[in-house]
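Everything below concerns the one structure shown next.
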Amino acid sequence: MTSTTNTKKKLIEVAIPLEAINAASAREKSIRHGHPSTLHMWWARRPLAACRAVLFAQLVDDPSSDPGKFPTPEAQEAERKRLFGIIEELVVWENSTNEEVLERARAEIRKSCGGELPPVYDPFSGGGSIPLEAQRLGLPAYGSDLNPVAVMIGKAMIEIPPRFKDKQPIHPGAKDRQFYRNAEGLAEDVKYYGEWMREKAWERIGNLYPQVELSKEYGGGQATVVAWIWARTVPSPDPAFANVQVPIASSFLLSTKTGKEAWVEPMVDKQAKTISYRIRHGGTKAEIAAAKEGTKAGRGANFRCLMSDTAITPDYVKSNGRAGKMGQTLIAIVAEGHRTRAYVAPTDMHRTLALSAKPAWKPEASLPNDPRNFWTVDYGLTTFGDLFTDRQLVALNTFSSLVHEVRAQVEVDASAASKSSNTAPLRDGGDGAKAYAEAVSVYLAFAISKLTNLGSTVTSWMSDRGALRETFARQAIPMVWDYAEVNFFSNSGGNWSTPVDKISRAIADFPASGIGSVKQVNAGEVIYEAGTVISSDPPYYDNIGYADLSDFFFCWLKPSLKEIYPSIFGVLATPKTEELVATPYRHGGADAAEKFFLEGMTAAIGRMADGTAADFPATIYYAFKQSEVEQEGISSTGWSTFLQAVISAGFSVLGTWPIRTESPGRLIAKGTNALANSVVLVCRKKEATAEIISRAEFIRALKRELPPAIAELQAANIAPADMPQSAIGPGMGVFSRYKAVLESDDSPMSVKTALQLINRELDEYLGGIQGEFDADTRFAITWFEQNGMGKGEYGTANSIATARGISVDSVKHAGIVESAAGKVRILSRDELAGDWEPESDGHLTVWECLQHLVRLHEKDGISHDTAVLMKKINTQAEAVKDLAYCLYDISANKRKDAKEATAYNALIADWTELTKAAAAIHDTSGDRQIRLDI
Ligand SMILES: C[S@@+](CC[C@H](N)C(=O)[O-])C[C@H]1O[C@@H](n2cnc3c(N)ncnc32)[C@H](O)[C@@H]1O
C-alpha cells in the first residue's frame with residue numbers, strides 16, 4: 001500500500017490480523033454479561049474488539065517504516081508477526097480488563113508515538129465503542145454526537161467513571177474493603193441505591209402487582225407473575241355483535257417447548273356475547289396449529305372475528321384504532337412456577353386491577369410519521385406515551401420520581417462519608433458529594449430506559465423461549481397485537497433489578513482512568529485540536545433513524561436528567577434537522593434526502609480530513625445495509641457513494657479492511673455473497689499536489705500495483721472471503737492518489753467504475769495464478785468449475801485435457817478423477833486414501849496436496865496430522881495456498897457451494913497457525929523432500 005505523505009507508515013496501512021479480529025468480533029455478539037453495551041441500548045454498535053484492534057494498528061508503526069531496525073522483508077515480517085501477536089491477545093474478550101495485556105499494547109503505542117499518547121476523537125460516537133476503547137488503551141478519549149441519548153451514554157462510559165476512580169462506595173453499611181479498583185465503588189452504590197428504589201417503589205405501587213393462584217398441575221399455591229398477556233381488541237364488524245370487543249391476536253401460543261406445550265383457548269358464548277379464555281396444555285397437532293394462528297386471517301392486520309367469523313380488514317383496524325375504539329383483553333398470565341413457567345387463565349381481579357392504574361403523566365411527544373419504521377401510528381397509537389399500559393406508566397413515573405429522591409439521598413450519604421468540599425455539579429467537572437449523587441442517578445435513569453425496552457406494549461411473548469421479546473428487537477417500532485406486559489417486580493427478565501445489576505457490572509469494568517470527554521456537537525461543526533487522531537463510525541445513509549428511535553428513551557431520561565444536564569435534556573425531543581440520515585419523509589422525498597446526506601457527510605468528513613493529525617491515518621467505518629451486500633455486492637451504490645464522499649472530502653483511501661460478525665459460510669448458505677457487513681477505511685489527507693490521469697493510465701497503474709498488493713494480502717493469509725473487500729484498499733489507493741481519473745470524454749471516473757475495474761483486476765489475478773499450476777491441476781480446476789463433484793461427459797473431459805497437453809488417463813493416474821462408462825468425475829475427499837504419502841506419490845499434483853490437506857483440516861482442524869502433512873508439502877505450500885484461493889472463488893461465487901467454499905476459507909484462516917505447527921515438528925520422517933511431478 002502506498003502512503004501519500006512522508007510520515008511513518010502505520011501497521012493498519014500494511015496488514016492486520018483480520019482472522020483474529022473477526023473471530024473476536026463475532027464472538028462478542030454472544031457476550032451478555034458485563035459487556036459495556038449492557039449499559040444502555042444503542043443501535044448498530046461496532047464490536048469493541050474491532051475498535052480496539054483498529055486503534056492499536058492505526059497508532060503503531062509498521063516495521064517497514066524503520067528500515068534501520070528492520071532492514072529486510074523477512075525482519076519486517078517477523079516484527080509484524082510480533083505485533084499481530086499483541087493484537088491477537090488484545091482482542092480476546094476476557095482480556096478487556098487484563099492490565100498486563102493492555103499495558104503491553106499501551107507500551108507499544110507509546111514507542112511508536114515518541115512516548116506521548118495522542119488524543120483520539122470520534123465525531124459520531126453513538127454508543128461510545130471507539131472512545132471507550134481509546135480510553136482502555138490509555139489514550140485521551142474524545143467523542144461527540146448530535147443525539148442527547150448517545151452523548152449521555154458516552155459520558156456514562158468514559159467521562160463520569162474516571163471522576164470517581166478507586167473511590168469507596170458511600171452507602172450505609174458499605175463493607176470496609178481496603179481497595180476499590182476503577183469505578184467499582186460507584187458500581188456498588190448504583191446497585192445499592194437501585195435496590196433502595198425497588199423497595200420504595202414496591203411500597204408505593206406493589207398493590208398493582210398481585211400474585212396469582214397456581215393450579216394443582218403446577219403444584220398449587222401463590223406465584224409471582226412474570227407477565228400478563230394481552231390481546232388488542234376492536235368492536236366486532238358484524239352489526240349483530242357491534243358492542244362486543246373481539247381479540248385481534250397474532251398467536252395464542254404460550255409455550256412450544258416439547259412436553260410443555262401450552263396455549264390459550266378462547267371460549268365464545270354467542271348467546272351471552274362474551275369471550276373468555278382458558279389455558280390448554282398439550283393438545284393435538286391441529287389444535288396447536290390453530291392456536292399458532294391466533295385470530296389471524298392473513299398477513300398484516302387481517303383478522304377474523306371470533307363472534308361472527310367475518311373478516312376484520314387492516315382498514316377496519318386502522319379506523320377503529322384512530323377513533324380510539326381499540327382496546328385490550330387479558331388472555332393469559334405467565335407466572336414463576338416451581339422451576340418452570342406456569343401459564344394461568346386470566347381472572348377478573350387481575351384484569352380490573354390492571355385497568356385501575358391512573359398515571360399522573362405520560363410522554364406526549366409524537367411518534368414520527370415514518371410508516372416504514374413506526375407502524376403503530378396508523379392504528380391510532382400516535383405518541384410515545386401510547387406505547388405503554390397505564391400500569392406501566394404509573395410504574396415508570398414512580399421510578400422516575402425515585403431517581404430524584406435517590407439523588408437527594410445519595411448526596412446526604414456521600415456528604416456524610418466524604419471529606420471532599422467540591423460542590424460543583426457533574427456537568428462542571430465536580431467530583432464531590434453533589435456530583436456523585438448526580439452520577440449515581442444518571443445510571444439509575446439508564447435502568448429506567450432498560451426497563452422500558454422490555455416494559456412497553458411493543459413487547460411480545462416468545463413461546464419458544466418462554467421469555468419476552470424486547471421493544472427494539474429490530475431497529476423499528478412495529479405493531480404488536482398480543483403484547484406481554486412485564487411485571488417490574490418479578491424475579492425474572494424484565495424486572496427492575498436485572499438492568500440495575502447489569503449496569504452496575506458494566507460500570508465496574510469500565511477503564512475509568514485518564515481523560516474522557518463526550519459532548520453534543522454536530523459532526524459538521526467539530527473543531528479538532530491539532531494532533532488529533534480520528535477514528536469514526538458515521539451513520540449509514542438511511543439504515544437507522546437514530547433520532548426518531550431514541551425519542552423512545554429520551555422522553556423517559558429527560559424527566560430524570562434535565563436538571564443535571566439542562567443543555568442536553570432541556571429540549572422537547574432529540575434534534576432531527578441536522579441528523580445525517582437520508583430520511584425521505586423528513587426531507588420531502590428520496591432525492592432531497594440523498595442530497596442532504598451526501599452534502600452533510602462530505603462536509604463532516606471534510607472536517608475530519610482537515611483536522612486529522614498528519615502523523616497518523618484516520619479510520620472510518622462503513623456499515624453495509626444487509627440488502628445492499630446481498631443484492632449489489634462489491635460496487636454497491638451505497639458503498640461507492642460513501643467512498644466518493646470520503647475522497648471528495650479530501651482523503652486518499654489506502655486500506656479497506658472487512659470486519660465481519662458472521663461466518664462467510666453462513667452467508668453463502670443463505671444464498672448471498674460472503675461479503676463482510678462492515679469495512680474500515682484507512683485514510684490519509686490527500687496531498688495538495690495530486691495530479692490528474694487518464695483512464696488508460698489508471699488501468700496501467702492498477703495492473704502494475706494491484707498484483708503485488710494482492711500477493712501481499714495473500715502472504716498475510718487474508719481469508720479468501722475477505723479478499724474482495726481487502727483488495728479494494730490498494731486499488732482505491734491508486735485511484736484516490738490522483739486529483740481525478742478522466743474518462744475518454746474528459747468526465748471524471750466515478751468510484752463505482754473504479755471499484756468495478758479493481759474487482760476485474762482481482763479476478764484476472766486469481767485466474768492468472770492458475771497458469772502456475774501443473775497441467776492435471778489445471779484440468780481439475782476447469783472440470784470443477786463446470787461440474788463440481790458431479791459426473792460429466794468423457795468427450796468434454798478429453799477436450800479439456802487435450803487443451804492442456806495431457807489425457808484424461810493422466811488425470812486419472814494422478815488420483816484426481818474417476819473415469820468409467822463414458823463419464824468422468826472428480827474424486828471426493830472422502831474417497832481419498834487415508835494413508836496417502838506425498839513422498840511416495842509418483843504422480844504428485846497441487847490438487848491432491850490441497851485436497852488431502854483440506855480433508856485432514858476438515859476432520860481434525862490444526863492437529864498434529866494436519867501439521868505433519870503441511871510440513872511434507874512444504875516446498876509446494878505457496879502453490880497449495882494459491883489453489884485454495886482459486887477454489888474458494890469458484891465455489892463461493894460461481895458454484896454457490898457454501899460447504900465447499902467454507903472448507904477452503906477455513907484452511908486459509910488457519911494457515912498461519914498450521915505453518916507454525918508444521919515448523920515445530922522435528923520428526924525427520926516428515927522432513928523428507930518431496931518434488932512435484934510437473
Ligand atoms: C453508526 S452510529 C455510531 C455507533 C458507534 N460507533 C457505536 O459503536 O455505538 C452513528 C451515530 O451518528 C450520529 N449522528 C447522526 N448525525 C449526526 C451529526 N450530524 N452529527 C453528529 N452525530 C450524528 C447518530 O446519532 C449515531 O449515534
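Counting starts at 1 for both ligands and their atoms, in listed order. All residue numbers in this chain count up from 1 along the given sequence.
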Ligand 1 to [X] polar contact by distance, N or O atoms, under 3.5 Å:
X	value
D122	no
E578	yes
G127	yes

> Nearest heavy-atom pair of I158 and S517: which atoms, and what distance?
Replying inline: CD1-N, 3.6 Å
From the options [options], select the one whose nearest heavy atom is closest to [atom].
atom	options	answer
atom 7 (C) of ligand 1	S37, S129, C51	S129
atom 12 (O) of ligand 1	Y622, F124, W42	F124
atom 5 (C) of ligand 1	D145, N147, N522, D537	D537
atom 22 (N) of ligand 1	V581, L146, L549, L48	L146

Within-shell test, [X] vs ligand 1, heavy atom, strictly < 4.0 Å:
X	answer
S125	yes
G524	no
P123	yes
V521	yes

Would you say [Y] and [X] are linked by a side-chain donor-acceptor pair, where the criterion is simply a distance under 3.5 Å?
X	Y	result
S25	N22	no
T602	S648	no
D551	T574	yes

I need the nearest protein heavy-atom contact for [atom]: residue, atom name and distance, please.
atom	answer
atom 16 (N) of ligand 1	L580 N, 3.0 Å
atom 1 (C) of ligand 1	Y546 OH, 3.0 Å
atom 20 (N) of ligand 1	A523 N, 2.8 Å

>> Rounded to the nearest 0.5 Å, what separates atom CZ in R372 from atom CG in D542?
In response: 5.0 Å
> What atoms of ligand 1 come within less than 4.0 Å of a heavy atom belonging to E579?
Replying inline: 15 (C), 16 (N)
>> Any carboxylate oxygen within less than 4.0 angstrom of a Lys/Arg side-chain nitrogen, looking at E470 and K450?
In response: no
